[in-house]
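Here is the structure we will look at, set down as structure tokens.
Every heavy atom of this structure was used, including side-chain atoms; hydrogens, water molecules and symmetry mates were not. Naming: A, B, ... by sequence-line order, numbering from 1 per chain.
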Amino acid sequence: MAKTNSGRFFEDYRIGEVIAHAVPRTVAGGERALYHALYPARHALYSSDEFARDCGLDASPIDDLVAFHIVFGKTVPDISLNAVANLGYAEGRWLKPVWPGDTLRAESQVIGLKQNSNGKSGVVWVRTRGYNQDDEAVLDYIRWVMVRKRDPDAAAPDTLVPDLKPVLAAQDLVIPEGLDFARYDFTLAGERHRWGDYEIGERIDHVDGVTIEEAEHMMATRLWQNTAKVHFDATNRPDGKRLIYGGHIISLARSLSFNGLANAQMIVGLNAGAHANPCFTGDTVRAWSEVLDKAETTHPGVGAIRLRLVAVKHGAPAFALRGDDGKYLPEVLLDLDYWALMPM
Amino acid sequence: MAKTNSGRFFEDYRIGEVIAHAVPRTVAGGERALYHALYPARHALYSSDEFARDCGLDASPIDDLVAFHIVFGKTVPDISLNAVANLGYAEGRWLKPVWPGDTLRAESQVIGLKQNSNGKSGVVWVRTRGYNQDDEAVLDYIRWVMVRKRDPDAAAPDTLVPDLKPVLAAQDLVIPEGLDFARYDFTLAGERHRWGDYEIGERIDHVDGVTIEEAEHMMATRLWQNTAKVHFDATNRPDGKRLIYGGHIISLARSLSFNGLANAQMIVGLNAGAHANPCFTGDTVRAWSEVLDKAETTHPGVGAIRLRLVAVKHGAPAFALRGDDGKYLPEVLLDLDYWALMPM
Amino acid sequence: MAKTNSGRFFEDYRIGEVIAHAVPRTVAGGERALYHALYPARHALYSSDEFARDCGLDASPIDDLVAFHIVFGKTVPDISLNAVANLGYAEGRWLKPVWPGDTLRAESQVIGLKQNSNGKSGVVWVRTRGYNQDDEAVLDYIRWVMVRKRDPDAAAPDTLVPDLKPVLAAQDLVIPEGLDFARYDFTLAGERHRWGDYEIGERIDHVDGVTIEEAEHMMATRLWQNTAKVHFDATNRPDGKRLIYGGHIISLARSLSFNGLANAQMIVGLNAGAHANPCFTGDTVRAWSEVLDKAETTHPGVGAIRLRLVAVKHGAPAFALRGDDGKYLPEVLLDLDYWALMPM
């Protein structure tokens with residue numbers, strides 16, 4: 001019995017400690033093919049080695065969200081096995097592309113703790129870093145989760161709430177080495193709209209929808225070696241439903257956003273993210289985006305665009321987000337704030 | 001809103017124009033593995049590099065139908081997003097094998113237009129070509145679809161109905177360079193029947209059946225980056241059903257035909273094809289074939305065999321095809337006429 | 001009709017004959033990615049090339065059970081197409097790792113025959129060997145099945161029941177060349193428990209569960225090119241259910257056993273196995289293990305551990321196995337006896 005992992009509880013975390021997560025993973029063409037089977041992913045830079053080379057890269061990198069999901073998945077057994085809720089993300093940066101054949105591992109440092117007033121749980125902030133086989137950081141983000149206490153009588157730690165940037169500045173973003181959109185082929189990319197064509201405040205309804213299947217979300221979640229029981233075990237909830245991994249909705253919404261944002265090629269920053277409501281099999285997911293900001297970069301032809309990506313269930317009002325009470329509408333699944341790179 | 005692709009309508013096509021389709025795709029071992037997970041594909045030349053080498057090739061090529069589906073998928077946003085029906089195929093030829101690592105793109109030329117008498121839609125004929133990264137054509141076929149008009153009052157174009165070959169002649173077929181069946185291993189291939197054992201008119205019931213699942217047809221269709229809403233969005237039809245991509249049935253029937261046609265290794269010609277009735281999840285698909293023609297080739301030991309491949313739903317009468325009225329029986333899903341290569 | 005394979009019947013087998021199975025298969029990264037999508041597989045040696053190199057191997061091998069399923073799948077058309085039951089396994093040994101790019105084929109020799117007293121069927125014992133492209137044996141196991149007779153009046157063969165080892169001795173096991181656990185990283189592997197921490201008789205409940213989906217078990221079974229109708233065709237049984245391939249349960253249970261046996265890295269021996277009860281979609285599968293034996297090896301830091309792996313349906317009593325009558329409880333799906341390698 002003592003041999004299995006029952007996960008950490010709130011009182012097990014210490015400010016400053018670094019947790020090395022288990023099970024490194026080599027990622028290659030098989031993972032890429034599966035990503036394209038599980039999501040309607042069409043961004044050309046991640047679909048074609050030739051297109052990527054014409055953008056100054058050696059080959060098509062592994063999708064940025066694959067890197068995110070794999071790094072995130074590694075943290076689950078140590079961070080969120082006993083989590084009540086995944087509360088937020090901040091300061092996420094993609095630092096280096098992940099190439100086929102790379103092996104990823106992850107580490108998290110505890111940077112904040114705050115016990116809840118009920119004494120039964122608390123919030124844990126971690127900065128998670130993903131590394132490749134050369135110990136180069138490829139991804140870095142902050143995440144905070146509410147975690148149960150094992151023993152309600154355990155002493156509360158000193159409260160430390162980290163000071164987080166509400167939004168990454170454009171100059172904080174790391175543009176992949178060599179990236180060059182000077183010869184970008186808009187026809188092959190699928191849309192003619194360039195960075196200059198988008199206006200701050202502009203909203204785009206991405207039109208298409210995908211109905212969720214159990215086999216698909218489970219295969220995706222397993223591929224990232226995410227072990228949270230709620231996604232796989234129908235006996236885990238009284239209603240017999242399997243909760244969809246929030247990252248599945250992120251990837252689904254991002255893929256759907258191709259239709260209107262086909263040229264928002266690379267994801268380089270994650271400013272914030274909320275999984276507003278749970279999603280289950282049979283739900284049909286749609287998406288819309290809003291242009292939040294724009295910035296130039298020093299790379300040839302490369303602009304940065306800050307986007308809100310919202311996933312909603314079919315039947316949601318147009319551009320559904322929050323009600324008059326400021327709370328997310330019940331049809332809203334995801335509210336993500338990210339930076340992408342786009343040809344100018 | 002103007003940023004998303006609403007597709008072309010009938011009045012948007014011009015005779016002679018060439019449409020370069022978006023999102024090139026690098027195809028490799030991951031796609032091959034998925035093809036073998038999604039279909040009961042067992043043809044040895046596509047399963048084993050060693051077997052392929054013994055047949056004079058450098059390695060096992062990507063399945064011919066993967067090449068077809070990927071090229072076809074690229075055309076959907078430009079050709080069939082507003083299509084009412086996929087009417088037919090003709091003069092399809094596989095011109096070069098697709099190897100792992102190849103990057104495919106596609107172009108279509110409009111070769112025929114004919115407005116329907118109701119004035120609301122018309123038929124568009126296109127010749128589609130798939131190319132690899134060296135701009136070599138790998139696949140070439142004609143397809144015609146019925147497309148809606150955006151504006152019923154738009155003027156009708158001059159009618160041009162292309163003159164299509166009802167069947168490709170054996171000498172029109174392109175045999176892959178180096179292909180040599182002189183040392184063909186019938187034991188490893190799984191059946192002893194060679195080209196000489198099949199008679200024109202012979203019919204084969206392929207015995208096995210596969211029950212369709214939503215997750216499987218969606219993964220397959222996404223893998224080909226086919227974006228047609230009807231396959232993915234259960235809210236798209238009043239009955240809440242997702243229509244199965246016709247190409248899923250082609251691949252399923254072809255794979256089932258292994259049992260009786262294990263040595264019909266390479267597909268080199270597509271003479272005609274009709275998606276006779278729609279297919280939905282839960283249907284069990286079976287297949288039968290008829291030998292339509294045979295021809296010799298100039299390659300060592302390589303014969304060509306022209307086959308009718310018919311997919312039917314479980315419960316169809318034996319060798320079901322058409323009723324007394326000449327129309328397809330309701331259980332018939334697919335009627336495909338193709339050329340394959342077989343050891344003599 | 002005569003062109004399709006109707007399988008062998010009991011009277012078709014002869015003692016000593018060697019059956020070369022069809023359809024060799026090249027296995028690579030795509031199959032690995034799919035394995036990790038279809039099962040919650042997390043053993044580090046099969047997930048990370050870097051981890052495998054630190055264990056003295058050239059790269060991460062293809063999962064041992066992938067090798068088993070592929071070799072097993074090849075035998076189905078010749079051995080078990082008309083099988084009434086898969087009765088058992090013995091003397092299974094993994095002889096060489098399978099590397100990405102290897103091409104596998106299989107042969108079986110008939111080593112035992114015994115007609116049943118009812119005269120309608122009989123038991124066939126075969127020794128199956130899987131080979132790579134260099135004709136090196138990678139896997140070797142004995143399996144016995146009950147097979148129907150085509151003609152109940154066919155003469156009974158002389159009875160020969162092979163003398164099988166109930167358990168492989170530790171010295172019979174083949175340790176992969178170069179394997180070295182001296183620098184084994186327990187943190188990256190995910191658990192701190194080493195060979196010395198396990199006691200004979202110790203039992204481990206693996207905690208997690210997975211609810212079975214049709215699309216997943218069919219994709220897995222197809223990936224191994226296993227053609228048995230019962231897994232794919234919902235019209236095959238009166239109750240419209242598709243029977244789950246027993247190997248799907250083996251892989252599922254083995255993957256679940258990570259939680260408590262994360263360091264039982266390589267499977268090197270299969271002593272026995274029983275598919276105790278059928279499994280269907282919607283069942284939630286759990287697993288438990290028992291340590292049956294332990295042995296040292298001559299490789300640095302490498303210990304052998306003999307494990308019973310039991311898969312059960314949700315709701316089974318703790319450590320469910322057999323009832324007072326000695327029969328498997330109805331919730332028990334699998335009872336597997338295998339040897340694995342673990343860091344000392």
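In this structure, C:R192 places its CZ atom where only 12 or fewer heavy-atom neighbours from other residues, nucleotides or ligands lie under 6.0 Å away.
One distance of note links CG of A:D102 with CG of C:D49; it measures 10.5 Å at 0.5 Å rounding. The line from OH of C:Y46 to CZ of A:R25 is 15.0 Å long, rounded to the nearest 0.5 Å. In this structure, A:E107 CD and C:T187 OG1 are separated by 10.5 Å, a value rounded to the nearest 0.5 Å. Going from atom NZ of A:K74 over to atom OG of C:S47 covers 5.5 Å, rounded to the nearest 0.5 Å. The structure places CZ of C:R42 at 9.0 Å from CG of A:N226, a figure rounded to the nearest 0.5 Å. A distance of 8.5 Å separates CD of A:Q225 from CZ of C:F258, quoted to the nearest 0.5 Å.
Defined by atom type and a distance below 3.5 Å, a donor-acceptor pair is missing between the side-chain atoms of A:T103 and C:R53.
In this structure, the portions of A:A234 lying under 4.5 Å from any heavy atom of chain C include both its backbone and its side chain. For a residue to count as touching a neighbouring chain, one of its non-hydrogen atoms must lie under 4.5 Å from one of that chain's; by this rule C:A41 touches chain A with the backbone only. Contact of A:A20 with chain C is made through backbone and side chain together, with heavy-atom distances under 4.5 Å. Both the backbone and the side chain of C:D197 come within contact range of chain A, judged by heavy atoms closer than 4.5 Å.
In terms of non-hydrogen atom pairs under 4.5 Å with chain A, the most contact-rich of C:A44, C:A37, C:G260 is C:A37. Ranking C:T284, C:T211, C:V207, C:I212 against chain A, the residue ahead of the rest is C:T211, based on heavy-atom pairs under 4.5 Å. Ranked by heavy-atom pairs under 4.5 Å with chain C, the list A:K229, A:E213, A:R32 is led by A:K229. Ranked by non-hydrogen atom pairs under 4.5 Å with chain A, the options C:P40, C:A215, C:A189, C:S60 are led by C:P40. Interface remark: of the candidates C:E31, C:H43, C:H314, C:H314 forms the most heavy-atom pairs closer than 4.5 Å to chain A. Comparing C:G209, C:A28, C:G190, C:A59 by how many heavy-atom pairs each has under 4.5 Å with chain A, the most go to C:G209.
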Legend entry - salt bridge (charged side-chain N to carboxylate O under 4.0 Å, His left out) between A:R222 and C:E216, worked out: CA-CA 12 Å; A:R222 269 189 220 109; C:E216 292 182 350; 3.1 Å; yes
Legend entry - Check against side-chain contact (heavy atoms from CB on, under 4.5 Å), C:D205 and A:T4: CA-CA 8 Å; C:D205 176 348; A:T4 55; over 6 Å; no
Inset, instruction - Walk me through it: do C:H36 and A:L34 pass the test side-chain contact (heavy atoms from CB on, under 4.5 Å)? - result: CA-CA 11 Å; C:H36 284 80; A:L34 267 161; over 6 Å; no
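The only option from C:E191, C:E199, C:E202 that meets the salt bridge (Lys or Arg N to Asp or Glu O under 4.0 Å) definition with A:K3 turns out to be C:E202.
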